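As the structure is a prediction and not an experimental result, all values here were calculated from the model.
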Amino acid sequence: MPPNLTGYYRFVSQENMDNYLRALDINVVLRKLVCLLKPDKEIIHTGNHMVIRTITSLRDYVMDFDLGVQFEEDLGPVDGRKCQTTVSWEGDQLVCEQLGEKRNRGWRHWLEGDQLHLRMTAEDEVCVQVFQKVK
């Protein structure tokens, strides 16, 4: 049975964000700004429904979805694109596939103790973020 990810998580660290954003064709000014942000995550996980809020001082991004059901995701606040997104479990990892203009786009969340890990991919770039559960 997959873990319940419900909780509030504070940013700890990230690796390779600039190259990941470059793969998404984000301009240099916005890339520099995003690399300075320290986002928090709030996850509400109820059965097959999830809400994942990425919270920053600049803007929040909310994903509200049912597991295993494809939906059109508006990534306008991120990179101006729309894609067909499906989020499902692979073992203990929550895996998101985002089909659209960019190859190999998606992410995976998993827990290691009280830390939430996030691995984001686009094209050949990988960005990893770590968050600490606070409640």
Item to check | Stepwise salt bridge (charged side-chain N to carboxylate O under 4.0 Å, His left out) check, R81 with D74 | outcome: CA-CA 6 Å; R81 294 182 174 94; D74 184 355; over 6 Å; no
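- Residue F131 comes nearest to P39 through the heavy atom pair CE2-O, 3.2 Å, listed as atom of the first residue, atom of the second, then distance.
- Distance check: H49 NE2 to D66 CG gives 6.0 Å after rounding to the nearest 0.5 Å.
- Remark: C127 SG to Q14 CD distance equals 5.5 Å, nearest 0.5 Å.
- Judged as a salt bridge (charged side-chain N to carboxylate O under 4.0 Å, His left out), the pairs with a partner in residues 87-99 (not counting sequence neighbours) are, in order, E90-R108.
- The two atoms that bring N4 and L111 nearest to each other are O-CD1, 4.4 Å, heavy atoms only.
- The backbone N or O of C83 lies less than 3.5 Å from no partner atom in the side chain of R105, so there is not a single donor-acceptor pair.
- The shortest side-chain heavy-atom distance between S88 and L67 does not fall under the 4.5 Å cut-off.
- Both L94 and F71 belong to a common hydrophobic cluster when Ile, Leu, Val, Met, Phe, Trp and Tyr are linked at side-chain heavy-atom distances under 4.5 angstrom.
- Hydrophobic clustering, with ILVMFWY side chains joined whenever heavy atoms are under 4.5 angstrom apart, groups Y61 together with I52.
- Linking Ile, Leu, Val, Met, Phe, Trp and Tyr whenever their side-chain heavy atoms come within less than 4.5 Å puts L33 and L75 in one cluster.
- At a threshold of 4.5 Å between non-hydrogen side-chain atoms, the residues W110 and R119 count as touching.
- For the residue pair Y9/D40, the side-chain donor-acceptor check at 3.5 Å is not satisfied.
- Here the shortest heavy-atom pairing between H45 and L5 reads ND1-N, 3.2 Å.
- When all heavy atoms of M63 and C96 are compared, the pair lying nearest together is CE-SG, 4.5 Å.
- Atoms CZ and CE, on R22 and M17 in that order, are 13.0 Å from each other to the nearest 0.5 Å.
- At least one side-chain heavy atom of W107 sits under 4.5 Å from a side-chain heavy atom of H109.
- Using a 4.5 Å heavy-atom threshold, the side chains of E73 and K82 count as separate.
- Cluster annotation: L118 is connected to W89 through the hydrophobic network of ILVMFWY side chains, with a link wherever side-chain heavy atoms come within less than 4.5 Å.
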For this session: Give the intermediate values and the outcome of side-chain contact (heavy atoms from CB on, under 4.5 Å) for residues Q129 and L116.
Result: CA-CA 8 Å; Q129 293 181 321; L116 177 72; over 6 Å; no
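- By the 4.5 Å heavy-atom criterion applied to side chains, T54 and D60 are not counted as neighbours.
- Listed for the E123 side chain is a donor-acceptor partner under 3.5 Å among the backbone atoms of R103.
- Heavy atoms from other residues, nucleotides or ligands lying under 6.0 Å from CD of Q115 number more than 12.
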Can you check side-chain contact (heavy atoms from CB on, under 4.5 Å) on I43 and M50, steps first, answer last?
-> CA-CA 7 Å; I43 300 176; M50 296 188 83; 3.7 Å; yes
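- Between D64 and R53 no salt bridge is recorded (no basic side-chain N to carboxylate O distance below 4.0 Å).
- Side chains of I55 and Y8 form a contact here, defined as non-hydrogen atoms less than 4.5 Å apart.
- In this structure, E72 and T85 have side chains that are not in contact, with every pair of non-hydrogen atoms separated by 4.5 Å or more.
- Cluster membership for L30 and L37, using ILVMFWY side-chain heavy atoms within less than 4.5 angstrom, is shared.
- Heavy-atom minimum distance, A23 versus A122: CB-O, 3.6 Å.
- The NZ atom of K102 lies 6.5 Å from the CG atom of L24; values are rounded to the nearest 0.5 Å.
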Would K32 and D18 satisfy side-chain contact (heavy atoms from CB on, under 4.5 Å), going step by step from the backbone distance to the final call? CA-CA 7 Å; K32 298 302 177 195; D18 189 64; 4.0 Å; yes
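- Residues V34 and L21 have side chains in contact (heavy-atom distance under 4.5 Å, counting atoms from C-beta outward).
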